[in-house]
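Quick notes on the structure that follows.
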Amino acid sequence: MATYALQIAGLVLGGVGMVGTVAVTVMPQWRVSAFIGSNIVVFENLWEGLWMSCMRHANIRMQCKIYDSLLALSPDLQAARGLMCAASVLAFLAFMTAVLGMKCTRCTGDDDKVKGHILLTAGVIFIITGLVVLIPVSWVANSIIRDFYNPIVDIAQKRELGEALYIGWTTALVLIVGGALFCCVSCCYEKSSSYRYSIPSHRTTQKSYHAEKKSPSVYSKSQYV
């Protein structure tokens with residue numbers, strides 16, 4: 001029962017992480033306007049994402065424009081686009097693998113050892129996905145903070161951390177925790193299967209030993225008779 005609860009918790013966290021990964025990939029709020037110094041026009045918000053930039057006017061109207069060229073982006077956003085696309089694919093693959101390894105899934109059989117290996121694979125993929133999400137989010141955040149405190153950068157070009165970065169950090173943590181839960185379930189399966197098969201083998205050895213010990217005595221009695 002405890003292992004099944006861990007499976008459900010891991011699957012829920014994995015599903016949330018998968019949805020969060022896709023959401024962070026498509027959200028435009030990676031870089032947002034910084035209202036500092038002479039840049040105090042608060043009725044216009046500029047959002048910069050991986051695929052488009054948006055201008056929001058006085059919380060009423062928003063205009064978005066897709067980037068004309070990938071090479072026009074900064075190196076951190078270029079790398080973030082590729083890594084987040086890879087993370088989305090890995091998250092979907094890990095989630096489907098975890099579904100196949102669930103205890104209630106019958107298409108993979110009833111062998112706990114096989115299901116344990118499947119869940120271990122899903123857990124490792126989830127952890128890798130969390131790290132893949134963490135790298136671009138942290139890279140972009142570091143670039144924003146570095147430019148914000150750089151006196152050479154113009155005030156109009158300085159940006160602040162957007163909501164997508166905070167959601168990305170949370171998503172990475174959720175994916176890593178979900179993967180760790182699946183790894184724990186796999187370890188429980190390994191321990192239970194090893195304990196289950198070790199006891200019968202020991203008893204069988206004792207029975208075979210007593211049978212070998214008794215068989216010569218019966219043979220010897222028949223000779224004396």
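Between Leu90 and Thr21 the shortest side-chain heavy-atom distance does not fall below 4.5 Å. For the pair Gln78 and Leu50, the minimum side-chain heavy-atom distance is 4.5 Å or more. The shortest distance between side-chain heavy atoms of Glu163 and Val32 falls below 4.5 Å. Side-chain contact between Leu13 and Leu181 is present, with at least one heavy-atom pair separated by less than 4.5 Å. When side chains are defined from C-beta on, Met18 counts as touching Phe92, because their heavy atoms get closer than 4.5 Å. Taking 4.5 Å as the limit, some side-chain heavy atom of Cys183 sits within range of a side-chain heavy atom of Ile127.
The minimum heavy-atom distance linking Leu100 with Ile118 is given by the pair C-CG2, 4.2 Å. Here the shortest heavy-atom pairing between Val174 and Gly17 reads CG1-N, 4.0 Å. Closest non-hydrogen pair, Trp169 versus Leu161, comes out as CH2-CD1, 4.3 Å. Across all their heavy atoms, Ile176 and Gly130 have their closest contact at CG1-CA, 4.1 Å. The heavy-atom pair separating Lys115 from Met102 by the smallest distance is NZ-O, 3.0 Å. What you find for Trp30 and Val24 is that their closest heavy atoms are NE1-O, 3.0 Å.
Using modelled atom types, no side-chain atom of Lys65 and backbone atom of Met52 make a donor-acceptor pair closer than 3.5 Å. In this structure, the side chain of Thr171 engages the main chain of Ile167 through a donor-acceptor pair within 3.5 Å. In this structure a side-chain-to-backbone donor-acceptor pair under 3.5 Å is present from Thr170 to Tyr166.
Taking hydrophobic clusters as Ile, Leu, Val, Met, Phe, Trp and Tyr residues chained together by side-chain heavy-atom distances below 4.5 Å, Trp139 does not share a cluster with Ile145. Leu93 is not connected to Val16 by any chain of hydrophobic side-chain contacts under 4.5 Å among Ile, Leu, Val, Met, Phe, Trp and Tyr, and they are in different clusters. Residue Ile8 is grouped with residue Leu119 when hydrophobic side chains (ILVMFWY) are merged at heavy-atom distances under 4.5 angstrom, including chains of intermediate members. The hydrophobic cluster containing Leu173 also contains Leu165, counting ILVMFWY residues as joined when their side-chain heavy atoms lie under 4.5 angstrom apart, directly or transitively. Both Val133 and Val12 belong to a common hydrophobic cluster when Ile, Leu, Val, Met, Phe, Trp and Tyr are linked at side-chain heavy-atom distances under 4.5 angstrom.
At a cut-off of 3.5 Å, with distance as the only test, no side-chain donor of Trp47 or Ser33 sits close to an acceptor on the other residue.
Atom CZ of Phe126 sits about 7.0 Å away from atom CZ of Phe95, to the nearest 0.5 Å. Residue Glu48 holds its CD atom at 5.0 Å from OH of Tyr67, rounded to the nearest 0.5 Å. The CG atom of Leu83 lies 11.0 Å from the CG atom of Leu134; values are rounded to the nearest 0.5 Å. Distance check, rounded to the nearest 0.5 Å: CH2 of Trp51 to CE of Met27 gives 15.0 Å.
Put simply, the residue from Thr25, Leu70, Asp76 that forms a side chain to side chain contact (heavy atoms under 4.5 Å, CB included) with Arg81 is Leu70. A side chain to side chain contact (heavy atoms under 4.5 Å, CB included) with Thr129 holds for exactly one of Val132, Leu131, Ile125; it is Ile125.
The existence of a salt bridge linking Asp147 and Arg31 is excluded, since no basic side-chain nitrogen approaches an acidic carboxylate oxygen closer than 4.0 Å.
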